[in-house]
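Report on one structure; see the data block that follows.
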There are 2 protein chains.
Amino acid sequence: MRYEERFETVVKSAASVFAKRGYHRASIRDVAKAAGMSVAGLYYYCRSKDELLFSVCYHSFDILLQTLQRSLKSVSHPEEQLRVFILTHFEYFLTHVEAMKVVSHEAGVLTGEFDARVAEIKRKYYLRCQQIVQAIVGESDSESPRLRTTTLALFGMINWVYTWYRPGRDDDAKGLADCITELFLHGVKPRAETGG
Amino acid sequence: MRYEERFETVVKSAASVFAKRGYHRASIRDVAKAAGMSVAGLYYYCRSKDELLFSVCYHSFDILLQTLQRSLKSVSHPEEQLRVFILTHFEYFLTHVEAMKVVSHEAGVLTGEFDARVAEIKRKYYLRCQQIVQAIVGESDSESPRLRTTTLALFGMINWVYTWYRPGRDDDAKGLADCITELFLHGVKPRAETGG
DNA sequence: TACCCGTTCGAGCGTTCGCTCGAAAATAAA
DNA sequence: TTTATTTTCGAGCGAACGCTCGAACGGGTA
């Protein structure tokens with residue numbers, strides 16, 4: 001299947017170009033050049049620039065979600081689930097930096113159906129995380145504002161990474177995950193040590 | 001001083017338009033319209049669109065940094081400093097949502113001198129925060145990777161807010177600050193309670 | 001050979017972009 | 001009033017944008 005291969009090339013090139021230049025700054029000509037084809041040729045594989053952004057976002061998040069489901073399948077203890085969730089997230093982010101930068105950064109650019117479908121899959125991801133947090137804190141109300149804030153704080157920690165992570169300087173996914181998991185569970189100043 | 005007033009109008013309009021449409025999507029014509037003047041008239045107050053973005057970012061961060069210094073002046077206990085830092089951050093973010101969204105989201109668009117000056121002031125802000133964290137965790141090495149990761153995790157929590165905060169639905173600055181401070185210090189599952 | 005059909009492209013359409021010009025209008029100073 | 005200075009703008013330039021068209025390419029089949 002020549003088509004499928006070429007399509008993947010196109011989406012990957014788009015992810016790379018969008019990540020480097022930002023969605024609006026990146027032109028369709030840049031993407032075409034990166035994919036090694038003409039502008040007209042590029043449009044054989046997509047209907048619009050927006051659809052290209054959608055493809056990048058949707059594909060990435062879809063695979064991330066699937067990877068997460070698979071990783072969590074064999075883990076039942078909530079705190080271990082959290083560690084697995086965070087690790088999976090970092091591993092995926094660090095091996096798909098460009099795509100995930102686009103996903104994180106260009107959210108809100110899409111509209112209509114594209115926006116709805118990406119928002120839907122993001123929500124699934126969020127809810128799966130919230131479930132884990134809920135189990136850990138022992139909250140019975142899934143609508144609790146506190147639960148929401150706490151979960152979104154966790155999301156902040158793990159999503160913000162793309163703005164500062166530098167390979168070589170910073171720790172790998174495992175190291176980061178351990179650090180963040182520990183921080184989220186017990187904080188920087190566990191009470192147990194302050195009383196002694 | 002007619003000029004100064006008009007200039008502030010221009011910067012505020014730019015912040016608003018950039019926040020709503022995103023920097024690249026927003027056109028200079030949008031900003032001019034929002035400021036109630038013609039495109040040519042707008043250029044009497046700035047040299048380029050980039051300079052406009054710089055003004056928005058630099059002004060905002062400059063005032064935030066000054067506000068922070070003032071707030072921290074009378075606080076010496078590290079944990080209390082942390083609470084004040086987070087609260088100040090949220091209060092400023094929530095009263096300058098548009099500007100801060102631009103600052104957070106359009107970082108990396110600027111280049112050269114503009115980029116350098118914004119990066120410099122951001123670094124000052126980061127280092128002030130790192131000092132506080134360092135005092136809390138009792139770390140002696142300011143270059144510690146762990147300290148870096150921990151501080152940036154905190155930044156993630158407080159900077160990510162602009163992507164999800166909804167006035168009315170979510171708590172106010174004080175409530176958020178308490179929640180995040182507690183989370184950062186002791187985690188969601190303090191050890192003191194798990195030991196029995 | 002001829003035909004087909006999935007794939008590719010050069011050329012270019014219409015629009016919007018950031019930005020500038022010279023002149024006019026508003027304001028202040030004489 | 002006249003003069004000088006600050007502020008405003010309509011008109012439009014050149015470039016880049018997203019996107020499209022009809023034609024051509026090239027490997028497989030008959």
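Reminder, nothing fancy here: chain letters follow the sequence lines and each chain counts from 1.
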Would you mind telling me which of C/dG18, C/dT8, C/dT20 lies closest to the side-chain atoms of B/S27?
C/dG18
d(NE2, A/H24; C1', D/dA16) in whole Å
15 Å
Please report the distance, rounded to the nearest Å, between CG in A/L53 and P in D/dC17.
17 Å
Grab the NZ-P distance between A/K33 and C/dT8 for me, whole Å please.
19 Å
Categorize B/A26 for me: base, sugar-phosphate, or nothing, with a 4.0 angstrom heavy-atom threshold over every strand shown.
sugar-phosphate
Between C1' on C/dT16 and CG on B/D30, what's the gap in Å once rounded to a whole number?
11 Å
Is B/E79 salt-bridged to A/K189, going by a charged N under 4.0 Å from an acidic O?
yes
Please list, for nucleotides 3-6 of chain C, all pairs of protein and nucleotide N/O atoms separated by less than 3.5 Å.
none

Decide if atom NZ of B/K122 counts as having more than 12 heavy atoms of other residues, nucleotides or ligands within a radius under 6.0 Å.
yes
Base, sugar-phosphate or nothing for B/F7? Non-hydrogen atoms, less than 4.0 Å.
nothing
Taking OH from B/Y45 and P from C/dC19, how many angstroms apart are they, rounded to a whole number?
18 Å
Does the structure place the NZ or CZ of B/R117 under 6.0 Å from the centre of the six-membered ring of B/Y58, at an angle of no more than 45° from the ring's axis?
yes
To the nearest angstrom, how far is B/Y23 atom OH from C/dC17 atom C1'?
12 Å
Quick one: which of D/dG10, C/dC19, D/dC17 gets closest to the side chain of A/R29?
D/dC17
Assert: residue with more 5' nearest nucleotide on DNA chain D, out of A/R21 and A/A40, is A/R21
Can you tell me if A/R6 touches the phosphate of C/dT8, counting only side-chain N or O atoms and a distance under 4.0 Å to OP1 or OP2?
yes
A/Y162 side chain reached by A/V97 side chain, heavy atoms, under 4.5 Å:
no
Does atom CD (A/E8) have a neighbourhood of more than 12 heavy atoms from anything else shown, all under 6.0 Å?
no
Evaluate A/K12 against A/S16 for side chain to side chain donor-acceptor pair (under 3.5 Å), listing each step before the verdict.
CA-CA 6 Å; A/K12 277 186 184 168; A/S16 173; over 6 Å; no
Is B/R25 salt-bridged to B/D30, going by a charged N under 4.0 Å from an acidic O?
no
With distance as the sole test, does A/Y165 use its side chain to make a donor-acceptor pair with the main-chain N or O of A/D171 at under 3.5 Å?
yes
How about B/Y92 and B/F61: are their ring centroids closer than 6.0 Å?
no
Atom pairs, N/O to N/O, protein against nucleotides 25-30 of chain C, distance under 3.5 Å?
none

Here the distance between atom C1' of C/dC17 and atom CD1 of A/I28, to the nearest Å, is 17 Å
Counting only side-chain nitrogens and oxygens, does B/Y43 get under 4.0 Å of the OP1 or OP2 atom of C/dC21?
no
Measure from CG on A/D50 to P on D/dG18 and round the result to the nearest Å.
10 Å
So, is the end of the B/K101 side chain (NZ or CZ) under 6.0 Å from the ring centre of B/F18 and within 45° of the ring's axis?
no
